[in-house]
Structure formats: C-alpha cells, structure tokens
Amino acid sequence: MLKNYLKIAWRNLKKRKIFASINILGLSLGFSCVILIFLFVNYHLQFDNFHKNSDRIYRIVTEEHRDDVDYESSVPPGFAKGFKADYDYADKVANIYTREDWQINGTANKKSLRFRENVVFAEPDFFEILNFPLLEKLGDQTLNQPNTAYITESFSKKMFGDENALGKTLVVKNKETIQVIGILKNLPKNTVIQGEIFLSYKTLKHYDNFIYSESWGGISGSLMCFALLHPNQNIAQIEKSLIQLVTKHRPTSKNVHRYKLQSLDNIHFDNRYGGVNVSLLWTFALIGFFIITIACINFINISAAQAFTRSKEIGIRKVLGSFKQHLFWQFISETFIISLFALIVSLAIAIAVLPSFNELFMLNLSITSLLDIKVIGFVLVLLIFVSLFAGSYPGILLARILPTLALKGKLTQKDTGGKLTRKVLVTMQFSISIVLIVSTIIIGKQISYAINADLGFDKDAIVMVDIPEKIETIKLEGLMERIGKISGVKGSTACLTSPGGTDSNWTTGIRYNNRAEYEEFYISAKLADENYINTFGLKLVRGRNFYVHDSITEVVVNEMVAQKLGLASSEELIGKQVELNGGNIKATIVGVLANFHDQNFHKDISPVFIAPQSNAFNEIAIKIDSQNTDVLLAEIEQRWKEIFPKYIYEFSFLDEHVARQYENEQRFLLMSKLFSGLAIFISCLGLYGLISFFVAQRRKEIGIRKVLGGKVGDILLLFTQDFLKLIFIAGIVASPLAWYVMNNWLENYKYRITIDWWVFALAIGAIATITMVTISYQAIKAATVNPIKSLRIE
C-alpha cells in the first residue's frame, strides 16, 4: 500500500515540477536553519556528565547579600577546610584555583619554547571528585608535593613533541620550576574546568598568599570548591546548616554569605554563576520553530491553492473507488517525498556552511556532529512532523472535494479551503516576519548604544599592555618614562585595570568618616598611578587628583559613593576619612569623579575609589595617535621587551575589550539577522508560488478587465491590495507581541534604549515593500499579456 502511495505521489509531483521545486527550496532552507540551530543549542547544552558518581558531585557557591545580592561561583579560601572540619556530609572536598594565560617556559629538542596557557592549582582530592582520566604518571606520585604538575596530552605534544614529558620540567611565569608527574587525557570542551596544566595546590603559596592562607575575609572568582557528597544527602538541609560557618567565621561582616550547592548540570545551566543562558537557547529554538512554521505555511498555501487544478483528478479517483483516507495518505506521501528531498538538500547546505557557522558563532562542530544520535533522532522527528503538519490540511481539503462538483468544474473557494484560512496563514507568516525584524532592529540598537555610548572615559586609541610580574617601582617608572618619550604617545598610566575593565576588579568594604560600622555596599578599587585620570579622560568634578606617597593616604572616588552613602551632594565627600580593605588603607578623599561605566550595561555603575598602589598594577594603558598605529605599536613592543626580555608580549585595544563584553549579544544579533533574512526569503517564495496560482486562476478575469479598459496599475492593485490588508493586520497582531518580547529582553540591561514607534512602522513597511516586489513581477507579467490570449484559454 505504502509503495503504491509513493509511486502515485512521485508521478503527481513530476507533473508539478515548478511548484514542487518552490516547496522543496522553501522547506530545505527551513530544515537547514533548524538543523543548524539544533546543533548550536545541543552544543551549548552538553556538559561534563561523564564523571563517576556525577549525581553526588556539587560545587559550592556564594550568594552575597549586601545592599544588593551578588552571585559568586566561589567561596572564601578557608571554606573547604572549615567544611571538612565541621561537617560530615562529603567523602571528598577540594579547592581549585584557575589563572588564565600564564606564561609557561620549557625546553624540547634543545629549543626554548614559550606559551600562554590556563593553569589550574588543584588539591589532590580534586581528581578523586572529578574523574579526569590520568593516562600515565611518574611512579606513584600524586599532586601532594609542591612544584609538581599534571599536563594534558595536547599540551605535552605542543611543548615536548614526541618526547616523553614525564619527569621533564616547566617554568611557570618565569618563577617556579615545575616537574611533570602525570599526563591527562585531553579534557572535553564541555567540562566546567578548562586548563592544560594542573599544578599542586601547595605550589600556590609562591603565587597568591591570600588564596593559600585559607582566609574568610573575601572571595576570588578564580577559586572553586567541589565536594563529593555521601549518598542520599538532603541538599536543602546541608545549605541550612552552612549558616553556622557564616556565624563562626564572618560574625560581624555586613556582607552576609549564603552558601549554596550546585549539581553538575546546574553549574552548566545557571547563568547567575557564569553558566549557559538557557533563555537565550530557548529563543534560538523559537526562531527555528518560526522558520520551519513559515516553510510549512508556504507548503500548505501553495498546496491548497492547487486544489482548483487538481479537482478533476480527485473527482476521477473518487469515481473509480478511492476513499477519503486513500486520497489523504496519497497527499501525505507527496508531502513526505518533498520533505525528504528538502531534508537531503538541507543536509548538504548545513555541511557546506558549517565552517562559516563555526567561525561566526565560535563553535567546534564537525560533519560528525550530524551523526550524533540526538541529531539523527531530531532530524527524523522533524521529517515526520513537517510531513504531517504541512500535509494534513491540504490532504483533508483535497479528500473532501465532491466528485460531482469537481468533474463539472463548479468548485468554489469555499470548497477548496476558503479565503479565510489562507488569509490567516499568510497573516501568520507576515506576523512572524515582523516580530523577527523588530527584534533584530532593537537588539542592534541596544548593542550599538552599549558599545558607542559615552561611557564616561576615553576608550579609543588606548592600548592595554600586560605587566607580567610585580616589578620594583623604579623599574616600572623607567619603563613608563621610555614609553612616554615615544613620539605619538599622548599619555600613559600603570594600573590594576582600566575604568571599564571588570576582569581584574577588586572590591572591598568601606567605612566612611569614622562611622561605627562599615557600609553595606562594597567599593571597587581602580588602583593606579597619578596619570590614570588624564590618560582615560575621566572628569574630575570636585577637589583634585591624589598625590603619590609611600603608602595610600589620599583617594579619589566617583559620585556613586555619595549616592550610596545617602549624601545630599558629592561636595560633602571632600576631606572626609575612609577606611578600606579591612582598615589596611586609611586615607582622605581629595577628589570626586563624574560617574563612569565600570561595568557593562547589564549592571549599575559601582562606587569606585582610585589610589596608587604599585605592587597591584597589572597593566599599562597607553593613549596613542591613531594615525600612526602600526609604527607606535612596534616601538612600544621594543621598549617593553627591553624591560621584560623573557616574557611574551601581548597587547589589546580598550575599545575592543569593551565590545567583547557584548559578544553573546553580538552573536545573538548576527543569528537574528541571518535567520530573519531567511525567514523573509522563505515567505517570499510562498508568496511567489501563491501569486502564480492566482494569476493562472484569474487569467480570464484579467483579459476581460483589459478589454474593458483596465490599466496595468489597476490590475497590479487587484493582486496587491489583499496582501497589503493582511500586512496591516499582521502589524496590529505582531507589534504588541514584539514589544512585549523585546521589553522583557531589555530588562536585562540597567542602561537601555527606549522602544520607538518607528521601529514597528519600519518593520511593517519593509514587509510591505518586499511583498510588493515579490508580487509585482507576476502581476505585471499577467497584466501585460494580450487579452485575446487570456480569453482563448478555454
């Protein structure tokens, strides 16, 4: 039976090659979009669930309750020891501390090599919690001893080639010599920990005293604590009992901690702590659903429009004994064949564009990704869904045609589905397209606003260069002097981080004007030399810049400090005493800066203080003449290497760093533009097919109108006016929906654009224009045909 259906369906399709081709093209584009979106979503939904006892592995995180709630994927350095000592909830507990892009030196084949890699300091029990496969090791050694390390296969190959890395040594940050005692299998891309070198935790004392000291005084975002719990633990009860640790170790702190346990899958999916933004993935999935829906609507409309031309065929089949169910399944078979062809074409398109798709969206997909069982299952379900969804309504429509009316040629629009159904489907297409266009415009406007708005500091033509080690003040001053003498350098400053740099942010408590207690809010430190304000173009609105002394005695703050303190004016800050960093800094406020965006636009402006502390400087910011960039960069590199000959030189532009803060939004915008364009193109294919049928059906009417004096413009209006009405209705339906969706999206931003009325008018106008262009060719062609030919058709 199925074989007969497919044979008949194939024969019918060959008679209607043009319209079958339109359907195949529309569906293939829809399929390819949905498959690529599924690959994108599936890639980001994968996580490292390959560990043994993964249901018992948890990361401990912190909710910081101050004047606001912050979410940290870390705990104080002393938490792990306190948790093990005071509770019996876990088999194993371990800290890890990750630092990105540290320089690693080594020797292989008598050649000196230098690389930048992610380094992870790990307690021995970490490898008992997360089962990273250890391929081989040196004797029975583990990471119990200082200056020992495991490295991955890929790094071993990069550093030592074909030589056996076991027993060989590395130098980390030109400081400590480390022996390789184990080789790890390459870590999967979806693991929560990304590193090439795992150093023993005891080595950390040479690099970071605060983390190694097991303090409870603060949190570093680079530190994570993992636990392998005993079986059948009550997580809520554990979290409740952890309040005792806060009472014991942080009894007077205004920064109230709430320690929470995250399972492995939660680590991956909770974007509060740096996980995947699941709502964004759902948005992409919804876009995919919209696109395949548009393709299916095209199919339904074109197929339903063919009811007139296929009515006699259906009438004859019914007279010869075909039942409704036979005709229904025959049409489903036709739909299945078209969908199958479209799917094959779509897979070819997906494979062809996969390299560009990877590059655009920073993925690592390959052709083998299409052979994943999840992808294969999804594709099969998609094929069946589209075949039934796109084929059912036209199948029912054709199956219910009365043979007497069909053979006499007396079918009406009502008998073949009616105008209303077709108008509803076309309106739905237009509505989806308008929503996509409005969303794309608003996302683009918000990103442009965030990147190009006045941030309160200069970001153009400023080069940020790393300081690779804590150097003596006199040495740093020598470097700054050499850079300052370069013709074309307009200014330079040494600092912890730039005004908009959040990567190296240090926040601390503040006690103002000898008040009894520290304030509930934290203040962000922008430690820098006296040239910081001028180099970045910060605006001093009160007082003066600080003077540099051996210790911090003067600070400059921003206006947000006055707002947080509830002062009537920032002028009240001048001359007041502040205590910072637990009382280690006692200084006078000598100046107030206008607020500047130290965070991205998702977050509010922080209270900030600026003070000189040379041993905390990580970067040099250099303002250059943008007309001679290449020459200046080469000269800066030369001066830098004179001071740091053993280090890898790297630089970045500050404006690029600001733009990178919105990478996810930019990828979202790019995907929105790409798939919105495809959705509109698929809609146009459907309109082209529909208008072709309408022209064929109304050729005699067109001929009569021309004989009676009708002009080309009148006939063009005949075909376009109904569609323009549908676009207007679609605009009424889509505009509030698009406003609601984008208003919710914009709520993720503290600083956001307003949604203007013209965005909706532009989207509706764009759809109207595209529709007119699509329809005009066929309509004008029909209107210019000799009416004698039109009237001789029968």
Side-chain angles (χ1 to χ4, degrees), residues 64-70 252-256 449-450 453-458 495-502 505-528 530 532-534 536-549 551-613 747 749-754:
E64 294 187 281
H65 294 255
R66 300 190 294 263
D67 58 328
D68 202 353
V69 179
D70 290 329
T252 61
S253 177
K254 288 276 189 177
N255 178 6
V256 180
Y449 172 62
D454 181 6
L455 302 179
F457 63 89
D458 291 343
C495 56
L496 173 67
T497 186
S498 68
T502 57
N505 255 6
W506 170 43
T507 58
T508 182
I510 175 174
R511 191 165 78 159
Y512 172 73
N513 198 27
N514 298 315
R515 288 182 179 178
E517 295 182 339
Y518 273 74
E519 304 301 322
E520 289 189 356
F521 64 88
Y522 266 27
I523 188 168
S524 180
K526 300 291 183 183
L527 303 174
E530 68 275 18
Y532 190 84
I533 293 174
N534 288 334
F536 287 110
L538 297 173
K539 186 178 179 182
L540 196 63
V541 294
R542 308 280 185 194
R544 59 171 173 82
N545 196 2
F546 54 77
Y547 298 133
V548 177
H549 301 284
S551 60
I552 298 175
T553 59
E554 297 179 340
V555 297
V556 172
V557 301
N558 66 347
E559 291 175 305
M560 183 59 72
V561 173
Q563 294 177 43
K564 288 284 188 178
L565 289 169
L567 303 180
S569 168
S570 60
E571 191 172 359
E572 295 182 40
L573 293 170
I574 301 298
K576 299 298 191 300
Q577 296 292 311
V578 289
E579 286 186 17
L580 305 160
N581 194 24
N584 291 321
I585 298 174
K586 295 180 180 180
T588 303
I589 298 174
V590 296
V592 179
L593 297 168
N595 286 332
F596 56 88
H597 288 275
D598 66 311
Q599 308 275 350
N600 62 40
F601 275 29
H602 289 284
K603 299 175 182 178
D604 204 353
I605 293 172
S606 305
V608 169
F609 79 91
I610 304 173
Q613 186 173 320
E747 284 182 356
Y749 290 87
K750 288 284 187 181
Y751 301 91
R752 47 179 283 184
I753 61 169
T754 56

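Everything numeric here is computed off the predicted structure, so don't read it as measured data. For the single chain, residues carry numbers from 1 onward in sequence order.
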Nearest heavy-atom contact between Ala528 and Ile610 is CB-CG2, 4.4 Å
Specify the closest pair of heavy atoms between Cys495 and Ser498, including all atoms of both residues, with the distance to one decimal.
SG-N, 4.4 Å
Would a distance-only check, ignoring hydrogens and angles, find a side-chain to backbone donor-acceptor pair under 3.5 Å from Glu554 to Tyr547?
yes
What are the two closest non-hydrogen atoms of Pro612 and Ile552, and how far apart are they?
O-CG1, 3.1 Å
Is the count of non-hydrogen atoms from other residues, nucleotides or ligands lying under 6.0 Å from Lys576 atom NZ greater than 12?
yes
Donor-acceptor pair, Asp70 side chain versus Glu64 backbone, under 3.5 Å?
no
Side chain Lys526, main chain Leu496, donor-acceptor under 3.5 Å:
no
Could you check whether the rings of Phe457 and Phe596 sit parallel, tilted or perpendicular, using 30° and 60° as the cut-offs?
perpendicular
Measure across Met560 and Asn595 and return the closest heavy-atom pair with its distance rounded to 0.1 Å.
N-OD1, 2.8 Å
Measuring from atom CG of Asp604 to atom OH of Tyr749, what distance do you get when rounded to the nearest 0.5 angstrom?
15.5 Å
Neighbour count above 12 (heavy atom, 6.0 Å) for Gln577 CD:
yes
Is it true that a side-chain atom of Asn581 and a backbone atom of Thr508 form a donor plus acceptor pair closer than 3.5 Å?
no
How long is the span from the CG atom in Leu593 to the NZ atom in Lys539, to the nearest 0.5 Å?
11.0 Å
State the OH-CG distance between Tyr518 and Leu580, to the nearest 0.5 angstrom.
7.0 Å
Enter the distance from Lys564:NZ to Asn558:CG here, rounded to the nearest 0.5 Å.
10.5 Å
How many angstroms lie between atom OH of Tyr449 and atom CG of Asp454, to the nearest 0.5 angstrom?
9.5 Å
